[in-house]
Amino acid sequence: MPALPKAYIENIANFVDQEVTLQGWLYNKRSSGKIQFLLVRDGSGMIQCVVSRADVSSDAWQAGEALTQESSLEVSGRVRADKRAPGGYELTATDLKVVQIAEEYPITPKEHGVDFLMNNRHLWLRSRRQHAALRVRAEIIHALQEFYDSNGFVRVDTPILTPAACEGTTTLFETDYFGEPAYLSQSGQLYNEATMMAFGRVYCYGPTFRAEKSKTRRHLMEFWMIEPEIAYADLDECMRWEEESVAYVVRRVLQTRAAELEVLERDTSRLQKVAVPFPRISYDEALEILKKAGEEIPWGEDFGGGHETIISEDFEKPVFIHGYPTKAKAFYMQPDPQRPEVTLSVDLIAPEGYGEIIGGGQRIHDLNLLEQRLEEYNLPREPYEWYLDLRRYGSVPHSGYGQGIERTVAWICGLEHVRETIPFPRLLYRMYP
RNA sequence: UCCCCGAUAGCUCAAUGGUAGAGCGGACGGCUGUUAACCGUUAGGUUCGAGGUUCGAGUCCUCGUCGGGGAGCCA
């Protein structure tokens with residue numbers, strides 16, 4: 001094979017009328033007696049390569065004949081703009097070399113069931129829609145980090161192995177730490193509050209674990225969260241960081257991942273409307289909306305997924321719900337000084353029924369109140385001594401929040417289920433592959 | 001943990017209680033512009049498991065296993 005420049009399909013427009021070599025895999029093939037249409041993907045994109053029997057060596061033609069779905073190959077040829085091609089470009093092949101002939105590939109270009117696809121998740125990742133969703137996921141993570149990094153936040157990551165519950169409510173995965181019990185982190189927040197006192201504005205990004213037997217389209221046992229924590233921020237500033245970051249990310253994905261959104265058949269007109277400011281309603285106002293929709297729930301109870309959907313349908317953008325009842329929220333939530341029965345907490349509900357994508361609020365900064373809350377929630381004092389220290393040495397009002405990456409990806413991509421937003425989802429009763 | 005639904009060829013699905021089939025994928029052959037290409041030939045089955053009803057069960061009943069959707073909980 002001649003030494004031609006290597007190209008990636010995402011940059012193929014830069015090589016029009018030049019001869020290049022692509023290294024990739026066969027996605028699909030259509031052929032007749034004298035012409036082969038090879039749909040080749042290389043991880044960066046997909047392009048159709050046209051092999052004419054008259055134009056290539058006999059070896060190259062035979063190589064094309066032998067190719068099965070997902071066989072790996074190197075193909076050289078001239079890049080050509082062609083209106084008939086879905087991506088706008090085609091490669092007129094001059095040479096073709098098989099790297100490996102794939103065995104009979106289980107995922108055919110027809111419909112498949114969820115169970116089968118999940119059992120073949122390691123292969124399913126190559127499919128067009130899965131590839132697009134994970135490309136968008138990568139863009140979202142990149143954009144979020146870029147947003148915080150360029151706004152004075154320092155990324156300071158928190159431990160995954162922890163000695164005790166962060167919030168004491170949810171079930172934790174327990175593991176053995178040289179004879180001592182250790183737990184997989186369900187949130188970096190408490191540690192974030194410590195690093196925030198050192199760096200002012202921080203965020204952590206990493207996996208979190210919930211041993212809840214949740215079996216819905218919005219739940220994973222292992223999911224990723226980005227958690228900012230901001231010194232001297234009140235609830236209002238907290239909401240402003242949330243909406244600015246979310247609007248930034250949506251704008252960014254629309255700009256750079258339009259092709260992927262199209263593969264996903266996402267209606268982007270809904271995303272175009274996601275600009276600051278986001279609407280803000282109180283818990284009490286949310287109850288009113290539910291009441292009008294015929295879903296009356298008693299004051300003090302938290303919303304279910306169905307309730308969030310009803311509320312989100314009243315708004316075009318993500319909507320803040322703030323001021324949840326104290327008893328419905330975690331022990332560290334700062335009570336509203338005007339109404340101690342509610343907290344300075346806030347959830348951000350995504351549009352179109354995608355549910356809560358961010359939860360957070362202002363934290364208790366007063367030592368005595370925090371000690372009192374630990375008692376009220378029946379939490380042991382000793383594991384929280386270091387956390388109480390943060391209120392002994394220069395305590396300040398502060399706020400923070402946690403954004404669930406998979407729910408954010410599901411919303412922006414318009415996906416039915418979070419299992420398609422992460423490469424290898426950990427689901428209830430499913431840990432393979 | 002609870003409620004609902006499902007399991008038949010590698011995959012997606014058909015089959016009134018009466019001989020288990022199609023499309024895709026595989027193999028072989030044909031076709032010079034195909035777009036989930038098309039056309040012909042062909043191979044491919046312990047109908048999830050264990051019992052039961054019946055002359056006869058893929059089909060009806062019981063139990064179990066696995067999976068899907070949802071609830072609760074949450075991001």
Side-chain angles (χ1 to χ4, degrees), chain A residues 27-39 46-55 61 65-66 68-70 80 82-87 90 92 101-120 123-124 127-129 166-167 169-171 186-189 207-227 242 301-309 324 328-330 347-350 354-360 401-411 416-419 421-422 427-430 432:
Chain A
Y27 195 75
N28 201 359
K29 177 173 81 170
R30 293 173 282 272
S31 70
S32 70
K34 298 192 176 144
I35 188 165
Q36 298 163 352
F37 299 98
L38 310 179
L39 199 50
M46 191 105 73
I47 193 168
Q48 178 164 277
C49 304
V50 183
V51 186
S52 293
R53 190 170 201 168
D55 298 348
W61 177 260
E65 287 288 275
T68 54
Q69 192 187 351
E70 285 303 321
R80 193 164 41 76
D82 194 318
K83 286 205 179 80
R84 291 172 293 189
E90 279 190 351
T92 304
I101 293 293
E103 293 178 26
E104 188 179 335
Y105 192 67
I107 303 177
T108 63
K110 286 281 173 182
E111 296 151 15
H112 297 282
V114 170
D115 186 38
F116 173 78
L117 289 170
M118 288 307 304
N119 285 332
N120 289 284
L123 304 175
W124 192 22
S127 298
R128 210 191 297 251
R129 282 180 62 88
C166 268
E167 307 182 13
T169 53
T170 3
T171 324
Q186 58 178 337
S187 167
Q189 186 211 312
T208 49
F209 306 87
R210 303 278 164 93
E212 285 288 330
K213 295 199 169 178
S214 304
K215 194 173 158 63
T216 83
R217 67 183 66 185
R218 299 183 307 280
H219 287 88
L220 297 166
M221 305 303 107
E222 175 183 322
F223 65 98
W224 290 67
M225 261 203 307
I226 190 162
E227 296 178 274
E242 290 185 37
E301 256 180 46
D302 209 346
F303 307 124
H307 300 132
E308 290 173 350
T309 301
Y324 283 85
K329 284 287 171 184
D347 285 352
L348 184 67
I349 312 297
Y354 283 94
E356 180 183 348
I357 53 171
I358 300 181
Y401 52 92
Q403 177 170 11
I405 295 302
E406 288 75 17
R407 286 188 184 175
T408 303
V409 176
W411 164 50
E416 278 294 302
H417 201 298
V418 289
R419 66 184 162 217
T421 66
I422 184 167
L427 297 159
L428 190 60
Y429 308 132
R430 187 190 280 283
Y432 176 92

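No hydrogens, no waters, no symmetry mates; every other heavy atom, side chains included, goes into these values. Lettering of chains follows the sequences in order, A, B, ..., and the numbering in each one begins at 1.
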> Go through the structure and list residues passing ring pair (Phe, Tyr, Trp, His ring centres under 6.0 Å) with A:Phe116, not counting sequence neighbours.
A:His112
> Extract the stems that RNA chain B is part of, considering only consecutive pairing runs of at least three Watson-Crick or G-U wobble pairs, both distances under 3.5 Å.
B:1-7 with B:65-71, B:10-13 with B:21-24, B:26-30 with B:38-42, B:48-52 with B:60-64
> For A:Arg80 and A:Gly306, find the nucleotide of RNA chain B closest to each by heavy atoms; which residue's nucleotide sits nearer the 5' end?
A:Arg80
> For nucleotides B:A20 and B:G56, find the distance between their C1' atoms and express it as a whole number of Å.
16 Å
> List the residues meeting salt bridge (charged side-chain N to carboxylate O under 4.0 Å, His left out) with A:Glu406, not counting sequence neighbours, and say none if there are none.
A:Arg137
> Run the salt bridge (charged side-chain N to carboxylate O under 4.0 Å, His left out) test against A:Lys329 and tell me which residues pass, sequence neighbours left out.
A:Asp347
> In whole angstrom, give the distance that lies between atom CG of A:Asn119 and atom P of B:G67.
9 Å
> Once hydrogens and angles are ignored, does a donor-acceptor distance under 3.5 Å link the base of B:U34 to the side chain of A:Gln48?
yes
> Taking only the side-chain heavy atoms of A:Glu308 (C-beta and beyond), determine which of B:U12, B:G68, B:C74 contains the nearest atom.
B:C74
> Scan A:Phe37 against the nucleic acid and name what it touches under 4.0 Å (heavy atoms): base, sugar-phosphate only, or nothing.
base
> Rounding to an integer number of angstrom, what distance separates B:C63 and B:G69 when you compare their C1' atoms?
24 Å
> Look only at the side chain of A:Gln186 and the backbone of A:Ala211, and say whether a donor-acceptor pair between them is shorter than 3.5 Å.
no
> Do side-chain atoms of A:Arg407 reach the backbone of A:Glu356 as a donor and acceptor pair under 3.5 angstrom?
yes
> Could you check which of B:G26, B:A37, B:G68 has an atom nearest any side-chain atom of A:Arg30?
B:A37
> Base, sugar-phosphate or nothing for A:Gly113? Non-hydrogen atoms, less than 4.0 Å.
sugar-phosphate
> Just N and O in the side chain of A:Asn28: are any of them under 4.0 Å from OP1 or OP2 of B:U34?
no
> Looking at B:U35, B:C74, B:G25, which one has an atom nearest to any side-chain atom of A:His219?
B:C74
> Would you give a per-nucleotide map of nucleotides 27-32 of chain B, 5' to 3', where B means the base has a protein non-hydrogen atom under 4.0 Å away, S means only the sugar-phosphate does, and - means neither?
----BB
> Nearest whole Å is fine: how far is B:C73 C1' from A:Met221 CE?
10 Å
> Using the side chain to side chain contact (heavy atoms under 4.5 Å, CB included) criterion, which residues pair with A:Thr68? Sequence neighbours excluded.
A:Ser71, A:Ile101, A:Ala102
> Of A:Leu428 and A:Thr216, whose nearest nucleotide on RNA chain B comes first from the 5' end?
A:Leu428
> Roughly how many Å apart are B:U46 and B:A9, using the C1' atom of each and rounding to a whole number?
13 Å
> What integer distance in Å separates A:Tyr324:OH from B:C73:P?
13 Å
> If I pick the P atom on B:G72 and the same atom on B:U59, what distance separates them, to the nearest angstrom?
37 Å
> Would you mind classifying the nucleic acid contact of A:Ile107 as base, sugar-phosphate or nothing, using non-hydrogen atoms under 4.0 angstrom?
nothing
> Over how many whole Å does the gap from A:Asp347 atom CG to B:C73 atom C1' extend?
13 Å
> A:Gln48 and A:Arg30: which non-hydrogen atoms are nearest, and at how many Å?
OE1-NH2, 3.2 Å
> Nearest whole angstrom, please: distance from the P of B:C11 to the NE2 of A:His112.
10 Å
> Does B:A75 have A:Phe223 stacked on its base, where the ring centres are within less than 5.5 Å and the planes differ by under 30°?
yes
> Rounded to the Å, how far apart are A:Arg84 CZ and B:U34 C1'?
10 Å
> Would you mind telling me which of B:C74, B:A36, B:G69 lies closest to the side-chain atoms of A:Arg210?
B:C74
> If I compare all heavy atoms of A:Pro106 with all of A:Asn120, which pair ends up nearest, and what's the gap?
CG-OD1, 4.0 Å
> Nearest-Å distance, CD1 (A:Ile422) to C1' (B:A75)?
12 Å
> With a 3.5 Å cut-off and just heavy-atom distances, do the side chain of A:Glu90 and the base of B:G33 make a donor-acceptor pair?
yes
> Rounding to an integer number of angstrom, what distance separates B:G67 and B:C73 when you compare their P atoms?
25 Å
> Using nucleotides 20-24 of chain B, report all nitrogen or oxygen pairs with the protein that are shorter than 3.5 Å.
none

> Quantified in whole Å, what is the C1' atom distance between nucleotide B:A43 and nucleotide B:C31?
24 Å
> Heavy atoms under 4.0 Å, any strand shown: does A:Glu406 hit a base, just sugar-phosphate, or nothing?
nothing
> Okay, side chain of A:Thr216, backbone of A:Arg218: is any donor-acceptor separation there less than 3.5 Å?
yes
> On the nucleotide B:G72, are OP1 or OP2 found under 4.0 Å from the side-chain N or O atoms that A:Lys213 carries?
no
> Counting side-chain heavy atoms from CB outward, which of B:G33, B:G67, B:C73 is closest to A:Asp115?
B:G67
> Can you list everything that forms a side chain to side chain donor-acceptor pair (under 3.5 Å) with A:Asn119? Sequence neighbours excluded, please.
A:Arg430
> When the P atoms of B:C39 and B:C24 are compared, how many Å lie between them, rounded to an integer?
7 Å
> Taking salt bridge (charged side-chain N to carboxylate O under 4.0 Å, His left out) as the test, write out the residues that go with A:Glu416, two or more places apart.
A:Arg217
> Quote, to the nearest angstrom, the P distance that separates B:C48 from B:A15.
15 Å
> What residues form a side chain to side chain contact (heavy atoms under 4.5 Å, CB included) with A:Arg419, not counting sequence neighbours?
A:Val114, A:Met118, A:His417, A:Pro425, A:Leu427
> Compare side-chain N and O positions of A:Arg419 against OP1 and OP2 of B:G67 and report whether any pair is under 4.0 Å apart.
no
> Not counting sequence neighbours, which residues clear salt bridge (charged side-chain N to carboxylate O under 4.0 Å, His left out) with A:Arg129? List them please.
A:Glu265
> Hey, does A:Val51 have a side-chain heavy atom less than 4.5 Å from the side chain of A:Trp61?
yes
> In whole angstrom, give the distance that lies between atom CG of A:Leu220 and atom P of B:C74.
17 Å
> Please name all residues satisfying ring pair (Phe, Tyr, Trp, His ring centres under 6.0 Å) with A:Phe303, sequence neighbours left out, ordered by chain then number.
A:Tyr283, A:Tyr324
> From C-beta outward on A:Arg430, which listed nucleotide comes closest to its side chain: B:G67, B:G33, B:U12?
B:G67
